[in-house]
Amino acid sequence: MTNPEPARSREQRKQDAFDRFEKDEDAWVASASADGVPTLVPLSFVWDDGTLLMATRRTNPTARNVTPAGQARISLGHTRDVVLVDATAEVVEGAELSVESGDAFATKLNWDPRGRTSWVYLRFTPYAVRAWREENELPERELMAEGTWLI
């Protein structure tokens, strides 16, 4: 293994996390059923007013796992440059989604599930965010706790 780059400041990691929120299109979403069966799926997203907005079929396990309200862990990036988000989740019907949010989703991802009754939006509100590249960034990886940015 090569020597890692110097550790980024927490401020730089927060900026890098926001860059991922704005530019990345897909994330891994982990959730669990009421009886503890885990599910891990990739979903496309848009960063929308401090939340991650995604869409999936209402019958998919992830939508069922967060109904009526639940939690999820979301991972952006790869194992050597990860942003890990713990979030509360809510299901939003397409008719209940604001025009601005729906337009932002459709514009970024080039598809629009509004009007498809078999689809729902999932809005994930972060309450914890961690970011790191290598072991040298582990000590200060926590960027948000209990819904408050630490920097």
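When hydrophobic clusters are built by joining Ile, Leu, Val, Met, Phe, Trp and Tyr residues whose side-chain heavy atoms come closer than 4.5 Å, directly or via intermediates, Leu109 is grouped together with Val92.
Of the options Arg130, Glu135, Glu134, a side-chain contact (heavy atoms from CB on, under 4.5 Å) to Trp132 is made by Arg130 and by none of the others.
Between the side chains of Ser33 and Asn65, no donor N or O sits under 3.5 Å from an acceptor N or O.
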Full working for side chain to side chain contact (heavy atoms under 4.5 Å, CB included) between Arg141 and Arg13 = CA-CA 8 Å; Arg141 66 183 170 243; Arg13 280 186 261 175; 4.2 Å; yes

Worked check of ring pair (Phe, Tyr, Trp, His ring centres under 6.0 Å) between Tyr121 and Phe105 = CA-CA 10 Å; Tyr121 289 90; Phe105 188 93; 5.4 Å; yes

Steps toward side chain to side chain contact (heavy atoms under 4.5 Å, CB included) verdict (Arg133, Asp16) | CA-CA 11 Å; Arg133 286 187 179 154; Asp16 292 347; 3.8 Å; yes

Does the pair Asp24 and Phe45 meet the rule for a side chain to side chain contact (heavy atoms under 4.5 Å, CB included), with working shown?
-> CA-CA 8 Å; Asp24 285 11; Phe45 74 92; 3.8 Å; yes

Determine all donor-acceptor pairs shorter than 3.5 Å in which one atom belongs to a side chain in residues 51-58; sequence neighbours excluded.
unit_1 : atom_1 : unit_2 : atom_2 : d
Thr51  : OG1    : Asp48  : O      : 2.7
Thr51  : OG1    : Arg123 : NH1    : 2.7
Thr56  : OG1    : Asn60  : ND2    : 2.7
Arg58  : NE     : Thr117 : O      : 2.8
Arg58  : NH1    : Glu93  : OE2    : 3.0
Arg58  : NH2    : Glu93  : OE1    : 2.7
Arg58  : NH2    : Thr117 : O      : 3.0

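Residue-environment remark: CG (Asp103) exceeds the threshold of 12 foreign heavy atoms within 6.0 Å. For CD of Glu22, the number of neighbouring non-hydrogen atoms (other residues, nucleotides, ligands) closer than 6.0 Å is greater than 12.
The aromatic rings of Phe21 and Trp47 lie parallel to each other, with less than 30° between the two planes, well short of the 60° mark.
Electrostatic pairing of Arg8 and Glu137 counts as a salt bridge here, judged by a charged N lying under 4.0 Å from a carboxylate O.
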